[in-house]
Peer 1: 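Pasting in a structure now, in structure tokens, and then I'll have a few things to ask.
Small disclaimer: the values here were computed from a predicted structure and weren't measured.
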Amino acid sequence: MGIISVIIIFICICVDNMVSANMSANRMTKENKSIFSVKMAIVFTIFNVLLFGLGYILSIVFFRHWVYFAHNWVAFAFLLLLGIKLMLESIEKSPSFGDVDAGDNWKLAKVSAVIGLNSLLVGYAFETMDTSFFPEVILLLIITFVLSLLGSHLGGEQSKNLLSKKLELVAGIVLIIMGIRLIMI
């Protein structure tokens, strides 16, 4: 799997972070938005990287010997599931934070963990494909942080429908295409 494919997959799974940050920015005042957006980007990044690493390690420790003959199919299945999940989320309301929730670290951790489960599956899939760990972690760290901040700062009345519905739908379709590409090559 090439670096371009890795970047595209990471952008697609980080769209969830971007949409959640965008929806939160729509509900916050400017004073809370600027501080909370950085806090949210850091927490989203930490959870994405930790869960990616956990998925990678789980694959090495427990499942490596079981899926070595079908690694492309495992990666295809996970990308297909994530793509369908993102497409379904495009018709649901994304988790968001308001001014009241700005100090609720527990809620931020729960939402970050749920969104980070995408990274767990991708970490597992990447390990089965024998990709390296550290370059991917650095890329995931950068992409998650940048997209979370971007989502926060683009938050406004007009962007609510555009980012939350269409962007998640496109990301889901792209993940499915990337998964199909894995089994065709």
Peer 1: Around atom CD1 of I35, are there more than 12 heavy atoms of other residues, nucleotides or ligands at under 6.0 Å?
Peer 2: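 Incorrect, the count does not exceed 12.
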Peer 1: Under 4.5 Å between side-chain heavy atoms, hopping through other hydrophobics if needed: is there a path connecting L147 to L50?
Peer 2: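 Different clusters: L147 never reaches L50 through Ile, Leu, Val, Met, Phe, Trp or Tyr contacts under 4.5 Å.
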Peer 1: Please name the residue in the list I13, V122, L51 that meets the side chain to side chain contact (heavy atoms under 4.5 Å, CB included) test with L140.
Peer 2: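 Answer to the side chain to side chain contact (heavy atoms under 4.5 Å, CB included) test with L140 among I13, V122, L51: I13.
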Peer 1: Walk me through it: do T144 and V49 pass the test side chain to side chain contact (heavy atoms under 4.5 Å, CB included)?
Peer 2: CA-CA 9 Å; T144 303; V49 169; 5.9 Å; no
Peer 1: Among the clusters formed by ILVMFWY side chains lying less than 4.5 Å apart, do M178 and V15 turn up in the same one?
Peer 2: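 Yes, it is one cluster - the side chains of M178 and V15 are joined through contacts under 4.5 Å.
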Peer 1: Could you tell me the separation between the CZ atom of F76 and the CG atom of L175, rounded to the nearest 0.5 Å?
Peer 2: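 These two atoms lie 12.0 Å from each other.
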Peer 1: Rounded to the nearest 0.5 Å, what's the gap from CG on L117 to CG on N48? Could you check?
Peer 2: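 With rounding to 0.5 Å, CG (L117) is 9.5 Å from CG (N48).
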Peer 1: So, do E127 and L58 sit near enough that their side-chain heavy atoms are less than 4.5 Å apart?
Peer 2: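 No - every pair of side-chain heavy atoms lies 4.5 Å or more apart.
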Peer 1: Tell me the closest heavy-atom pair linking L182 and A75, and the distance in Å.
Peer 2: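 Heavy atoms only, the tightest pair is CD1-CB, 3.6 Å.
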Peer 1: If only atom types and distance count, is the side chain of T45 paired as donor or acceptor with the main-chain N or O of A41 below 3.5 Å?
Peer 2: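 Checking the backbone N and O of A41 against the side chain of T45, a donor-acceptor pair under 3.5 Å is found.
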Peer 1: Can you classify the ring geometry of F10 versus F126 as parallel (below 30°), tilted (30 to 60°) or perpendicular (above 60°)?
Peer 2: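 The arrangement is tilted - the two ring planes meet at 30° to 60°.
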Peer 1: Is there a continuous path of hydrophobic side-chain contacts, each under 4.5 Å between heavy atoms, that joins F47 to V114?
Peer 2: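 Unlinked, F47 and V114 end up in two clusters.
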Peer 1: Does the side chain of I176 reach to within under 4.5 Å of the side chain of M87, using non-hydrogen atoms?
Peer 2: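 A side-chain contact exists here, since the closest heavy-atom pair is under 4.5 Å.
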Peer 1: Is L86 close to V174 at the side-chain level, that is, under 4.5 Å between some pair of heavy atoms?
Peer 2: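 V174 does not reach L86 side chain to side chain.
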Peer 1: To check you understand the geometry: which heavy-atom pair defines the closest contact between S152 and M40, and what is its length?
Peer 2: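 Answer, listing the atom of S152 first, then M40: OG-CE, 4.2 Å.
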Peer 1: Could you pull out the closest heavy-atom pair between S148 and N17, with the gap in Å?
Peer 2: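 Minimum heavy-atom separation between S148 and N17: OG-CB, 3.5 Å.
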Peer 1: Supply the atom-to-atom distance I4 CD1 to I9 CD1, rounded to the nearest 0.5 angstrom.
Peer 2: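 CD1 of I9 is found 12.0 Å from CD1 of I4.
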Peer 1: Hydrophobic cluster membership, with links at side-chain heavy-atom distances under 4.5 Å among I/L/V/M/F/W/Y: are F52 and I11 in one?
Peer 2: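 Yes; I11 is reachable from F52 via cluster members.
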Peer 1: Please check if M18 and I42 belong to a single hydrophobic cluster, counting links between Ile, Leu, Val, Met, Phe, Trp and Tyr side chain heavy atoms closer than 4.5 Å.
Peer 2: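 M18 and I42: separate clusters.
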Peer 1: Return the OG to OH distance between S119 and Y56, rounded to the nearest 0.5 Å.
Peer 2: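 These two atoms lie 14.5 Å from each other.
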Peer 1: With distance as the sole test, does S20 use its side chain to make a donor-acceptor pair with the main-chain N or O of D16 at under 3.5 Å?
Peer 2: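 A pair under 3.5 Å: no.
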Peer 1: For residues S112 and F44, report the shortest heavy-atom separation together with the two atoms involved.
Peer 2: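 Minimum heavy-atom separation between S112 and F44: OG-CD2, 3.0 Å.
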Peer 1: Looking only at heavy atoms, which two atoms of H153 and S37 are closest? And how far apart?
Peer 2: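 The pair with the smallest heavy-atom distance is NE2-OG, 3.6 Å.
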Peer 1: Ignoring hydrogens, what is the shortest heavy-atom contact between E89 and E168? Give both atom names and the distance.
Peer 2: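 Result for this residue pair: O-OE1, 3.1 Å.
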